[in-house]
Number of protein chains: 2
Amino acid sequence: MTRKLAQLKLEFTESLSQISRFWGFPRGMGAIFAVVYLAPDALSLDEIAERTGLTKGAVSTEIRSLARLGLVHRSTRLGDRRDFYKAETDFFQSIRSILKERQTSEFDRALKSVSQAVSSLDSGQVAGDQAEILFIRERLRALQDFFNAIDSLANAVTRLETLGFSNVKRILSALK
Amino acid sequence: MTRKLAQLKLEFTESLSQISRFWGFPRGMGAIFAVVYLAPDALSLDEIAERTGLTKGAVSTEIRSLARLGLVHRSTRLGDRRDFYKAETDFFQSIRSILKERQTSEFDRALKSVSQAVSSLDSGQVAGDQAEILFIRERLRALQDFFNAIDSLANAVTRLETLGFSNVKRILSALK
DNA sequence: CTGTACGTTTAGAATTTACTAAACGTAGTA
DNA sequence: TACTACGTTTAGTAAATTCTAAACGTACAG
């Protein structure tokens, strides 16, 4: 039984919306990416708004996030004031952008916060029950180690020129 | 200048709350984990409620999520009807649980959804403009490849007996 | 059987987030 | 100058989420 291509695109858009929400991004973000990803040509803001059913304003803000994450790219055409958007097709590239993004904001702050706590405990700047201080110092140090390991990993991935399938295979064999 | 240990614990709790929210988990979840993680002994539900400032009900539901993710463990004491919770200290273990958890729900559905779309395109079950069908088929296949790569990676990590520092180092050197 | 000490569930309040509609700013055009 | 075609920002709304307070169920103690 055959079905319309339009229906397939709609289902895909719905699917990406779900995933987007699941990973903590707005629902509309997934929908916008889906529409752009399935379009052979770069789309204008109004075209995206029409195809997703969102308003121009919403698309404007969401697509900025997508661009910041490197999932879409903005381009212009001579003699045309509109912006056009096309999807990034190298997803590993996108993953790197996302890791970089996430890393630089909250993750870094957390890492610093813990490090600072550890050092103030180390230099005896904290008053309190001695046994508990020792215990907490150990726990925080363990957490700090963990954060540092994650940080190194993310940095390594971020720094790779291309994290393509070949590199993923190398990682998988290292894990074996 | 010295400060109170209690204050340090409070700051840490606040910090983990932020991170929790950042990664799409409830704010209270981070707070609960922080409190449990800094406690030398396993804590009862009421103790956690008191130390976080949340109600018993909230702690009850949040801690179930934490347990499901493997971030805390529930234990009991003979002759005591209460449950006690202690923190998992092997964070790499926790990461595996979280990956497993996330993977099995939405991610898998997405993967299947895309695979199904590709195969219905492949077997000519979709009616529409032929050139567009070919284009979309290619895009979906690329996405499918990507999902499969991620899936393999997550599976590999999940299957590792222990993803400790030594393994992280192996990964890092493979990435170099 | 009744009372008590638990954990869980529920109904709803408070907050946050995602989104809409419309105003706004700007650059090009007549 | 005014007009048009854009993208952006804003004010407010709808919806989802996180949490509280209280009811509930259960198991053990007396």
Side-chain angles (χ1 to χ4, degrees), chain A residues 13-14 16-36 42-69 71-86 102 105-106, chain B residues 13-14 16-36 42-69 71-86 102 105-106:
Chain A
T13 303
E14 179 57 31
L16 278 204
S17 298
Q18 301 274 90
I19 299 182
S20 182
R21 199 167 60 95
F22 181 72
W23 287 93
F25 299 106
R27 209 172 124 277
M29 212 167 127
I32 291 172
F33 181 78
V35 161
V36 174
L43 298 177
S44 72
L45 201 118
D46 280 313
E47 283 170 323
I48 297 171
E50 195 216 331
R51 298 191 190 190
T52 53
L54 299 172
T55 58
K56 233 177 17 156
V59 175
S60 173
T61 59
E62 299 294 359
I63 206 133
R64 209 181 314 139
S65 308
L66 283 170
R68 200 161 40 92
L69 295 177
L71 280 162
V72 301
H73 301 287
R74 180 180 304 213
S75 58
T76 52
R77 293 176 190 166
L78 291 172
D80 193 331
R81 263 192 290 137
R82 287 175 294 174
D83 294 336
F84 291 90
Y85 298 91
K86 59 186 199 322
R102 293 223 149 171
S105 40
E106 287 304 309
Chain B
T13 302
E14 178 59 29
L16 277 204
S17 298
Q18 301 272 90
I19 299 183
S20 183
R21 200 166 59 95
F22 182 73
W23 287 94
F25 299 106
R27 209 173 126 278
M29 211 167 130
I32 292 172
F33 181 78
V35 160
V36 174
L43 299 178
S44 73
L45 202 117
D46 280 313
E47 282 169 323
I48 296 170
E50 195 215 331
R51 299 192 191 188
T52 54
L54 298 173
T55 58
K56 232 177 19 156
V59 176
S60 173
T61 59
E62 299 294 357
I63 204 131
R64 210 180 315 137
S65 308
L66 283 170
R68 202 160 39 91
L69 295 177
L71 280 162
V72 302
H73 301 286
R74 178 180 306 213
S75 58
T76 53
R77 292 176 192 166
L78 291 172
D80 195 330
R81 264 191 289 136
R82 288 174 293 174
D83 295 335
F84 292 90
Y85 298 91
K86 60 186 197 322
R102 294 222 149 173
S105 41
E106 287 304 310

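Letters A, B, ... mirror the listed sequences (proteins, then strands); counts begin at 1. Computed from a predicted structure; not experimentally measured.
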task: Output, in order, the C-alpha distance, side-chain angles, deciding distance and verdict of side-chain contact (heavy atoms from CB on, under 4.5 Å) for B:Leu69 and B:Phe25.
output: CA-CA 12 Å; B:Leu69 295 177; B:Phe25 299 106; 4.1 Å; yes
Take the protein atom [atom1] of [X] and the nucleotide atom [atom2] of [N], then report the distance between them rounded to whole Å.
X: A:Arg82; N: D:dC6; atom1: CZ; atom2: P; value: 5 Å
X: B:Met29; N: D:dT17; atom1: CE; atom2: C1'; value: 14 Å
X: B:Arg21; N: D:dT18; atom1: CZ; atom2: C1'; value: 12 Å

Along DNA chain D (nearest heavy atom to each residue), the more 5'-positioned of A:Arg74 and B:Arg27: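 By nearest-heavy-atom nucleotide position, the 5'-most residue is A:Arg74.
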query: How long is the gap from CZ on B:Arg21 to CE on B:Met29, to the nearest 0.5 Å?
result: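 Atom-to-atom, B:Arg21:CZ and B:Met29:CE are 14.5 Å apart.
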- prompt: To the nearest 0.5 Å, what is the distance between CD1 (A:Ile32) and CG (A:Leu45)?
  reply: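 With rounding to 0.5 Å, CD1 (A:Ile32) is 8.5 Å from CG (A:Leu45).
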field: Interface with DNA chain C, restricted to residues 48-57 of chain A and to heavy atoms under 4.0 Å
entry: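 Heavy-atom cutoff 4.0 Å gives A:Gly53, A:Leu54, A:Thr55.
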- request: List in chain and number order the residues that pass ring pair (Phe, Tyr, Trp, His ring centres under 6.0 Å) with A:Tyr85, two or more places apart in sequence or in another chain; answer none if no residue qualifies.
  value: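 Ring pair (Phe, Tyr, Trp, His ring centres under 6.0 Å) list for A:Tyr85, sorted by chain: empty.
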query: Can you name the closest pair of heavy atoms from A:Phe33 and A:Leu66 and give their distance?
result: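 Minimum heavy-atom contact is N-CD1, 4.1 Å.
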- request: Search all heavy atoms of A:Gly30 against all heavy atoms of A:Ser20 and return the closest pair with its distance.
  value: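 Distance-wise, the nearest heavy atoms are N-OG, 3.4 Å.
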- request: Could you pick out which residue, B:Arg64 or A:Gly28, lies toward the 5' side of DNA chain C when each is mapped onto its nearest nucleotide?
  value: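 Its nearest nucleotide lies further toward 5', so the answer is B:Arg64.
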Could you go through residues 49-63 of chain B and list every donor-acceptor pair under 3.5 Å that involves a side-chain atom there, pairing it with any protein atom two or more places apart or in another chain?
from	atom 1	to	atom 2	distance (Å)
B:Thr52	OG1	B:Ile48	O	2.8
B:Thr52	OG1	B:Ala49	O	3.3
B:Thr52	OG1	B:Leu54	N	3.3
B:Thr55	OG1	B:Ala58	N	3.4
B:Thr61	OG1	B:Ala58	O	3.0

message: The criterion is side-chain hydrogen bond (donor to acceptor under 3.5 Å, both in side chains); which residues satisfy it with B:Thr13, sequence neighbours excluded?
response: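 Residues passing side-chain hydrogen bond (donor to acceptor under 3.5 Å, both in side chains) with B:Thr13: none at all.
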task: Kindly write out the residues that satisfy side-chain hydrogen bond (donor to acceptor under 3.5 Å, both in side chains) with B:Ser44, not counting sequence neighbours, or none if the list is empty.
output: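 So B:Ser44 forms a side-chain hydrogen bond (donor to acceptor under 3.5 Å, both in side chains) with B:Glu47.
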Please list, pair by pair, any protein nitrogen or oxygen found under 3.5 Å from a nitrogen or oxygen in nucleotides 25-30 of chain D.
none

Any side-chain heavy-atom pair of A:Arg68 and A:Arg64 under 4.5 Å: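 No, their side chains stay 4.5 Å or more apart.
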message: Distance under 4.0 Å to a non-hydrogen atom of chain A counts as contact; along DNA chain C, which nucleotides mark the start and end?
response: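 Going 5' to 3' along DNA chain C, contacts run C:dA18 to C:dA27.
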message: Quick test of your reading: applying salt bridge (charged side-chain N to carboxylate O under 4.0 Å, His left out), list the pairs with at least one residue in residues 74-83 of chain B, sequence neighbours left out, ordered by first then second residue.
response: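 Residue pairs with at least one partner in residues 74-83 of chain B: B:Arg74-B:Asp83, B:Asp80-B:Arg82.
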